[in-house]
Amino acid sequence: MRKTLAWIMGAGSFLGLASSTLANGWNMPAGVTDVSREIYSLHMTIFWICVVIGIVVFGVMFYSLFRYRRSRGAKSANFHENTSVEVVWTAVPLLILVGMALPATATLKRMYDASEADLDVMVTGQQWRWHYEYLGENVSFTSSLSTPRSQINGEEEKGENYLLDVDQPLVLPVGRKVRFLMTSDDVIHSWWVPDLAVKQDSIPGFVNENWVRIEEPGIYRGQCAELCGKDHAFMPVVVRALEGDEFDSWLAERRKEAEAEASGVDREWSMDELMERGEQVYGAICATCHQPDGSGAEPTFPALAGNEALLNDRDRHIDVVLNGVSGTPMAAFRSNLNPVELAAVITYERNAWGNESGDVVQPSEIQALLEQ
Amino acid sequence: MNPVQRTVFRTVLALMGMFAFAFALVPLYDAFCQVTGINGKVGDQPRSIANEEVDTSRYVTVQFITRSGKGMPWQLEVEHRQMRVHPGQPTEVNFAFSNNSGKALTGRAVPSVSPSQASLHLRKVQCFCFEEQHLEAGERLEAPLVFQLTRDLPPDINTVTLVYTLYPVTDSQSQLQAQTSPVRGGGV
Amino acid sequence: MWEVIKSVLAAFFGVQKERQRQHDFQHGKPGAFIAVGIVMAAVLVMLVAAVAIMAAR
Amino acid sequence: MASNLPPKPTLEHSTTTSGGLAHEHHERPRGMLRWLLTTNHKEIGTLYLIFSLTMFFIGGIFALVVRAELFQPGLQLVQPEFFNQMTTMHGLIMVFGAVMPAFVGLANWMVPLQVGAPDMALPRLNNFSFWLLPVAFTLLLSTLLMPGGGPNFGWTFYAPLSTTYAPPSTTFFILSLHMAGISSILGAINIIATILNLRAPGMRLMDMPLFVWTWLITAFLLIAVMPILAGVITMMLMDINFGTSFFNAAGGGDPVLFQHLFWFFGHPEVYIMILPAFGIVSAIIPTFARKPLFGYASMVYATASIAILSFLVWAHHMFVVGLPLVAELFFMFTTMLIAVPTGVKVFNWIATLFQGSITFETAMLFALAFVVLFSIGGFSGLMLAIAPADFQYHDTYFVVAHFHYVLVPGAIFAIMAGVYYWLPKWTGHYPDERLGRWHFWMSVIGVNLTFFPMHFSGLAGMPRRIPDYALQFADFNMVSSVGALMFGVSQLLFVWGVIKCVRGGEKAPAKAWEGAEDLEWSVPSPAPLHTFDTPPDFKPVTH
């Protein structure tokens, strides 16, 4: 008797916990697009169907356990088949499944809609950051985690958006259809923002498509969803959705910045300027693997501090940063960073942490290499 | 053979069959992809132009994206980033490879098409992606792509994106390619 | 033959009368059941694929 | 590989000859050597079970390292590199080292007893397939100490993370997986040969207990898919060491092909880990309900349907890799279809309980918990089958919750139920019921505390395989970690209970459980080393 009660209470408290936490925002977000809301309602429909089936099935089960226990004097019957009952419990689930499949198919077709988009964004996954390129707009940038290391290591209190903050969010317009082209430079990543209901693998050498039409301005956060190595947990996605006109002026601003930066290529940079800029770039891009103090993590990530081979061969250093090293996690940064950033970070690496080569790499030199 | 031996013999036969099947799946998958258009794979052989009337009532946007993979000091440039074509119309677009490094190198442009269903309706008559390229230090090479989107391209597809990613060809790879060709020969 | 198909169908559905099963296992040849089973599995695949293709239109 | 097996059986085994085990009556080696050289199915079964229990604890410790790191946000105990090795090793060890060998161990013990055979059909092969396992897993565990660490790419080892970007130890990982695979294949051949050839005279296939049936189908699944796994890891080996490009886009290969091949193996593998569990539960529920199993034939058919369908659903693991619409629909429909035979099984168990005369021994408690908790895993599986919704569920803790519900209170509870059920036959003593009940309730509470909150953290957006997480997932992770510790510690009660039972306890008669019907209950308890040297007189019970 007590046992059975415990069983029933156990099951009941599950359902109670389930519904109360669902109400408290621990559920899938309904999101801010048509598709995300459809997926949400699909999810809830199936969830409640499962709950109802569960109550009926477990109800019969617990009733039997309670009613037919031997301590209550139950004598066992001897039946072991009943064709009509079996037909019913095969056919009914089949019908329920058809009922689930119909709306699911409709939603899926809407997700695969390939109609013309207003904006194309190329999303490239890299260990362990995202690179965004607004196709045809001459705007592209890399977006990496901006949560400071000290918060991760517990030396500082964790901020509100711990692990979900980036240096440069992807900015998208509201009310326009944005098409994503996803690919990767190294391993498979998966770009995911729950509020947009977009999750798509980015696969090296191949291109995947997805799209979104955001309905409300705001900041939407997500993460890489496919295990991609050491810092899989540390490559968040942040999307900032702006009203159409705000977006247009943002894009124009970025385009102007890109042009300004391009013109900076021609002038002579001082060592201090390059070191300052290089430290920023290094912190945002290189420090996750090669460590903030350049000590690396052997054998995968070689140390840069005191790396004689690198310090003695300036050309090799430039080549590695520009073109990466095939068969290792070292990516090619030629198209992810601009010549100023490339020159600065190489100069920084050759002169920081006791590396006293005294070498200065000018943006114009990198530019020449890129254009050759 | 006693019955136990017979059973064992049959299961071992089935085992070896399944092991071979795993390897057979590799070319089968490629073939299946080309038939069904999964993954945006396009054939690695030139195809002829389908003789069909150009559908002037419809425009499709074709985008070209070029990328360089790891350890690849080359650049691939394209004449137009984007163009509008009619289904059925053969189109030529020029690409240029340039080797920015100080050494000669063999490379390959791996193609991918999005949306993947479009690859069924894409006929490449001439493409640099059919073979490997060898460039001397500082060399520049122009290579055209001639393609046609057939008229049966599904009406809901308005944009087709062709992506080419440059990868270096290592020695062991090119030797192996030579042996195993055409199954996994040069490019997809 | 029809008997075999009927029994295999019942098996796919997961429902079979004890009497019919006894009958099958006394009279049927296992080879025939396996062959029909494989064919039916292939038919099932094609059926689902056809539904999927139609639904995708 | 598969071509250099099997050693020819030296003995004629057939259903008509009896007492053919002459060599067994020679002077037997003693001590360690006895266990090393044994060809007795009961001793090998025991070895398998002890090995699997050991691996269960090693894999469990890895899981506890993972849960300890996830107890609160931030990096406290381990670095991400090591964390990834822990999640990977936990998965590999639990799947290939704990669950599969446990089922093979149970099959070794029980299949000959249930079909009335004197031993397995190929006793020496049996010895070999067991001893491959300790070698394989010692090698696998040793990779943790190698430079660059052990495998860190998840138990699904997706290329190119597991090829181009893998640690140098990956070649050893491949080798050990090959060995574990060969062991499973040999075990499967042996089980098939035993079931098809050594049944007691008069026992037709449709008279076999369901545990034997489910294992027969499982063994065929193993024969079909383990070679595929062997093929995939061989291709990986070639990509890593010989410059091929099966999965390397740079050489014209395709990383997605890896996933297709892996899941073509991987999905049937999931059923390999659950079908024998269905068999165990189908033996225990009728016993303690004192009523024949409802729908014996439909149980067999449902098992066969699940096995066939398992080959048609693999790409539901890949809904977000960019499949075309038709493929998404096809795999969504086939996956949903699997719910039908699975539902039939659950309904049959419940119909068996209906109008029974039920008692709640520990084995029954675990079997009942299996029915309920496995069904919960089934429900979340149904939700995951809905392709559009899977775009949100995929690779989150919702998936982790789902497959742990089918594997922990699913497969592992069924194994424990089987152990409690057959312990009297193995040891001649009843297990301590009081201790068993403590173990059961601690496990049930622990399991649910661990895995139920994962549904919510997953839905709220927590990706799987991360060593650190955003603050909104903190509460649920803390509960999960506490639950995991509780579940882990309560397994010590299990070990204590088993040891206690081996050493003594209430004496069990041949038919230890009132409602038990199958052949194993006709031999004395504990079962002597040699049973059914003369084939038993089998009288079919009407199922």
Side-chain angles (χ1 to χ4, degrees), chain A residues 3 21 26-28 39 42-43 46 50 54 58 60-61 64-65 68-70 74-77 80-81 86 89-90 93-94 97 101 104-105 107-108 111-112 152-154 158 162-164 187-188 190 194 197 199-201 203-205 208 223 225-233 299 327 329, chain D residues 73-75 80-81 147-148 154 158 160-161 164-165 249 255-256 289-295 298 320-322 325 328-329 332-333 336 339-340 343-344 347 350 353-360 372 379 382-383 386-389 391-392 394-395 456 459-461 463 465-468 470-471:
Chain A
K3 255 174 293 188
T21 39
W26 277 99
N27 195 1
M28 178 193 288
I39 290 177
L42 203 55
H43 157 72
I46 303 157
C50 287
F58 297 147
V60 175
M61 178 172 170
S64 307
L65 290 180
Y68 301 110
R69 64 195 196 284
R70 192 165 63 159
K75 292 271 178 295
S76 58
H80 52 78
E81 68 171 6
E86 289 183 53
W89 74 36
T90 314
L94 211 54
L97 287 176
T105 306
T107 304
L108 201 58
M111 293 169 76
Y112 272 73
I152 296 170
N153 292 335
K158 295 177 176 31
Y162 176 69
L163 294 188
L164 296 178
V187 299
I188 300 176
S190 195
K199 183 188 281 147
Q200 194 77 57
D201 283 358
I203 299 166
N208 269 333
Q223 281 179 273
E226 179 65 60
L227 178 63
C228 54
K230 176 173 85 77
D231 283 352
H232 167 52
Chain D
L75 293 178
E81 294 92 331
Y158 279 7
L161 189 61
T164 319
Y165 297 85
V256 176
R290 293 165 184 77
K291 189 164 154 280
L293 183 68
F294 186 90
S298 61
V320 306
V321 297
L325 180 58
E328 299 255 338
L329 289 171
M332 174 167 85
F333 296 154
M336 292 172 85
V340 176
V344 165
F347 300 147
I350 292 174
L353 293 172
F354 189 75
Q355 294 190 357
S357 170
I358 304 167
T359 50
F360 298 92
V372 175
F379 287 139
L382 188 57
M383 295 170 80
I386 308 293
F391 275 79
Q392 293 279 42
H394 182 82
D395 264 341
F456 302 116
L459 290 175
R465 293 165 167 167
I466 54 173
D468 194 5
L471 300 180

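Per chain, numbering begins at 1; letters A, B, ... match sequence-line order. Computed from a predicted structure; not experimentally measured.
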Heavy-atom proximity to chain D below 4.5 Å, by part of Leu227(A):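 For Leu227(A), the contact with chain D is made by backbone and side chain together.
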Below 4.5 Å from any heavy atom of chain D, which atoms of Tyr162(A) appear? Answer side chain, backbone, both or neither.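 The answer is both parts of Tyr162(A).
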Indicate the atoms forming the closest heavy-atom contact of Ala470(D) with Leu163(A), along with that distance.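 Closest approach of Ala470(D) to Leu163(A), heavy atoms only: N-CD1, 4.3 Å.
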For the student: nearest non-hydrogen atoms of Pro388(D) and Ile39(A), plus distance: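 Closest approach of Pro388(D) to Ile39(A), heavy atoms only: O-CD1, 3.4 Å.
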Just give me the residue among [options] that pairs up with chain A most often, heavy atom to heavy atom, under 4.5 Å.
| options | answer |
| --- | --- |
| Gly148(D), Gly461(D), Pro147(D) | Gly461(D) |
| Val320(D), Leu471(D), Ile350(D), Ile466(D) | Val320(D) |
| Gly343(D), Gly356(D), Pro463(D) | Gly356(D) |

Largest heavy-atom contact set with chain D, pairs under 4.5 Å, which of [options]:
| options | value |
| --- | --- |
| Ala101(A), Gly229(A), Ala77(A) | Ala77(A) |
| Thr105(A), Val187(A), Leu164(A), Leu42(A) | Val187(A) |
| Lys158(A), Met111(A), Lys75(A) | Lys158(A) |
| Ser64(A), Cys228(A), Gly205(A), Gly54(A) | Ser64(A) |

Chain A contact via Ile386(D) - side chain, backbone, both or neither, heavy atoms under 4.5 Å: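 Contact with chain A: side chain only.
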Can you tell which part of Met332(D) gets under 4.5 Å to a heavy atom of chain A, answering side chain, backbone, both or neither?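 The side chain, not the backbone.
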Give, for atom [atom1] of [X] and atom [atom2] of [Y], the distance between the pair rounded to the nearest 0.5 Å.
| X | Y | atom1 | atom2 | result |
| --- | --- | --- | --- | --- |
| Met28(A) | Leu459(D) | CE | CG | 6.0 Å |
| Phe391(D) | Leu108(A) | CZ | CG | 6.5 Å |
| Leu353(D) | Leu65(A) | CG | CG | 5.5 Å |
| Cys50(A) | Leu382(D) | SG | CG | 5.0 Å |
| Tyr68(A) | Lys291(D) | OH | NZ | 9.5 Å |
| His80(A) | Leu293(D) | NE2 | CG | 10.0 Å |

For Val321(D), does its backbone N or O pair with a side-chain atom of Asn208(A) as donor and acceptor, under 3.5 Å?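 Yes, the answer is positive, given that a donor and an acceptor are paired below the 3.5 Å cut-off.
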N/O donor-acceptor pair under 3.5 Å between Ser76(A) side chain and Arg290(D) backbone: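 Here the side-chain-to-backbone pair exists.
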Under the ring pair (Phe, Tyr, Trp, His ring centres under 6.0 Å) test, residues paired with Phe347(D) that sit two or more places apart: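 Ring pair (Phe, Tyr, Trp, His ring centres under 6.0 Å) check on Phe347(D) returns Trp89(A).
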Check: Pro255(D) and Ile188(A) side chains under 4.5 Å, non-hydrogen atoms: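 Touching, per the 4.5 Å side-chain cut-off.
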With sequence neighbours left out, what residues match Pro194(A) under side chain to side chain contact (heavy atoms under 4.5 Å, CB included)?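 In terms of side chain to side chain contact (heavy atoms under 4.5 Å, CB included), with neighbours along the sequence ignored, Pro194(A) is linked to Pro29(A), Trp192(A), Gln392(D).
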What I want to check is whether the side chains of Tyr158(D) and Glu226(A) have a donor and an acceptor closer together than 3.5 Å.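 No pair is found: no donor N or O on one side chain lies under 3.5 Å from an acceptor on the other.
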